[in-house]
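I have a structure I would like to understand better, so I am pasting it below and will then ask my questions one at a time.
Note on naming: letters A, B, ... go to the chains in the order of the sequence lines (proteins, then strands), and numbering restarts at 1 for each one. Values below: every heavy atom of this structure, side chains too, minus hydrogens, waters and symmetry copies.
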Amino acid sequence: MEKLLEILQDLHEDVDFETEEHLIDDVILDSFDIVTLISEIQENYDVTISAKDIIPENFNSAQAIYELIQRIEEEEA
Amino acid sequence: MYFTSYEFLGFVLVLGLLYYVLPKKAQWPLLLLGSLAFYAASGPKYLIYVAVTALSVYGAGMLMDRDRNGVTAWLKAHKEELSKEEKKAYKEKHKKVRLAYLLICLLINLGILAVLKFQHFGWVLPLGISFYTLRAVGYLVDIHRGTYEAERNPLKFLLFISFFPIILQGPISNYNELAETLYGPNKFNWKNVSFGLQRILWGFFKKLVIADRVLAAVTVFIKDPETYNGVYALFGMLLYTLELYADFTGGIDITIGVAEVLGIKVAENFDRPYFATSLKDYWRRWHITMCAWFRNYVFYPVSVCKPMQKLSKFTRKVFGEKAGKRIPVYLSSFFVWLATGVWHGATLNFIVWGLLNWLILMVSEEFEPLCTKFHEKAKFSNSFGYRIFMILRTFVLISVLNLFDCFANVGTTLKALLSIVTTGNYAGALAGAYEAFGLSAADYIILAVGIVMMFLVSLIKGDGAFLRDKIAKLKFPVQAVIWIGLFVLVLLFGAYGQGYDQSQFIYNQF
């Protein structure tokens, strides 16, 4: 989780990612951010995120993104 | 059958009555019959295209769903006896099968669209094909991704493809969202019906009183760009931007209103686009469902696909973290805008239009950190005046881009744009420009009133609530005066008197 928060913070310094729960709904992360974020996650976590995973529910909060990563890790194991 | 014809009004009236009088079970079959009749009215032979798309996509959806369910069942039944590798291999094999179904069906449908768009045999493009093909492809990809289950009933699926209010110019609704209300049963609800009718009326006002009145002037402008240069070109450009807005948002108001009368919820397609403060912001507000479609089905798949991720690694190594990160994103975005341009029309002007959008968006993205720094230091950045400046700047930019669509010719467009800054016919030209396009003083007064009305409606919609909700809270006589007033305005000032042909909507041709 810490690593993920670091990645997110790199993307937008001014957002409090620990509490924010509407990253997509409030367009805090736009589509460019999402793609950059996915590249970073794939580098750091060794998971493959595909287009079908890119839905608002999976990216609205740091917690949701973290859960997505864990879910994919389990599936790929 | 145009939305702005008496036939259409009669059609909606009869369909609406039957819809609520007949048993609830008959609602969606009635809609299907109505939708097919509506489409057939513009040429029965075009129904074949709709049928091919509906049938192929329905079939591929069912096959993919059955395959996925089969895999789950088989793995469950053979859980104990299989090794991890065997399970994985089995899953992979079937993933390939589903991918084959997807690709074959995509090839058929996008192939039809591409052939019809690129051909020069004089074949007529079936109405709405660009819109219903995108909806069909969206459904197909969603089923392949396993986002939701495939529609089991082929006739219900045919209704999704052919649903008459949205078939000609969108919105490009998602299947799962539309299906919630499309198949009913929908009880008669006075609020839905009255709100729907109000929205239709507002749509007619925008289309008939504003868009079609401006259309006459814009036609004069388009036909003779040599004469109408300089200040006239500027004026024509602004008129076209006005027409495009009133035409497309008005058409969608009618679409959403008709669906609302039937108790069906269709996705919104606009959020006060000309209040956008940047081009990026504009594309979140204009043609929202098309943008969402290209984002979900082109931008994301292209940018997260393996070759692009590999490229991302490579560019980071070569150009460093910061620049390297952005190159693949920009490249994916390039594909999206190229595709968006081609989707509008397979001609150079639309491709240039798409790529210009791309270029401006990328340049703004590159300069964003710099702009943010500037705005942090500059005191006026949060002021009302600066916001207005940003809105006007964006509006001018959009008007310039729209001109590529207006003239349908890159050379003419560039010449006209150049003439705005080089031709010195500004002095005393206001009077000339005002008369040049054949609009009378009365027309200008009507347009001015119409623009103010559209502006106020947008302004009031600030918190997401519609003006209709606010009007509905007023006393009944006041409400009656407002809606009857609007009706009378459409009746008196709608541009359908002598000299006007019923005109189709601009977006019907895409």
Answer with side chain, backbone, both or neither: which region of A/I34 has an atom nearer than 4.5 Å to a non-hydrogen atom of chain B? side chain
Residue pair A/F32 / B/S333: nearest heavy atoms and the distance that separates them: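 In this case the closest contact between A/F32 and B/S333 is CZ-OG, 3.9 Å.
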Quick one: are B/K325 and A/S39 in side-chain contact, heavy atoms under 4.5 Å? no
First locate atom CD of A/Q42, then atom OG of B/S312, and finally report the distance between them rounded to the nearest 0.5 Å.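 Those atoms lie 9.0 Å apart.
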Validation row: B/R316, A/E43 side chains within 4.5 angstrom (heavy atoms):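 Of all side-chain heavy-atom pairs linking A/E43 with B/R316, at least one is under 4.5 Å.
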Measuring heavy-atom distances to chain B, does A/S50 have an atom under 4.5 Å in its side chain, in its backbone, in both, or in neither?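 When you check distances to chain B, only backbone atoms of A/S50 fall under 4.5 Å.
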Looking at CZ of B/R145 and CG of A/D53, how far apart are the two atoms once the value is rounded to the nearest 0.5 Å?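 The CZ atom of B/R145 sits 9.0 Å away from the CG atom of A/D53.
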For B/Y297, which atoms come within 4.5 Å of any heavy atom of chain A: side chain, backbone, both, or neither?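 Neither the backbone nor the side chain of B/Y297 comes within 4.5 Å of chain A.
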Honestly, the part of B/R284 sitting under 4.5 Å from a heavy atom of chain A is side chain
Would you mind checking which part of B/S303 comes under 4.5 Å of any heavy atom in chain A, side chain (CB onward), backbone (N, CA, C, O), both or neither? both
How about CZ on B/F314, more than 12 heavy atoms from neighbouring residues, nucleotides or ligands closer than 6.0 Å, or not? no
For the atom pair CG (A/D30) and CD (B/E365), what is the distance rounded to the nearest 0.5 Å? 6.0 Å
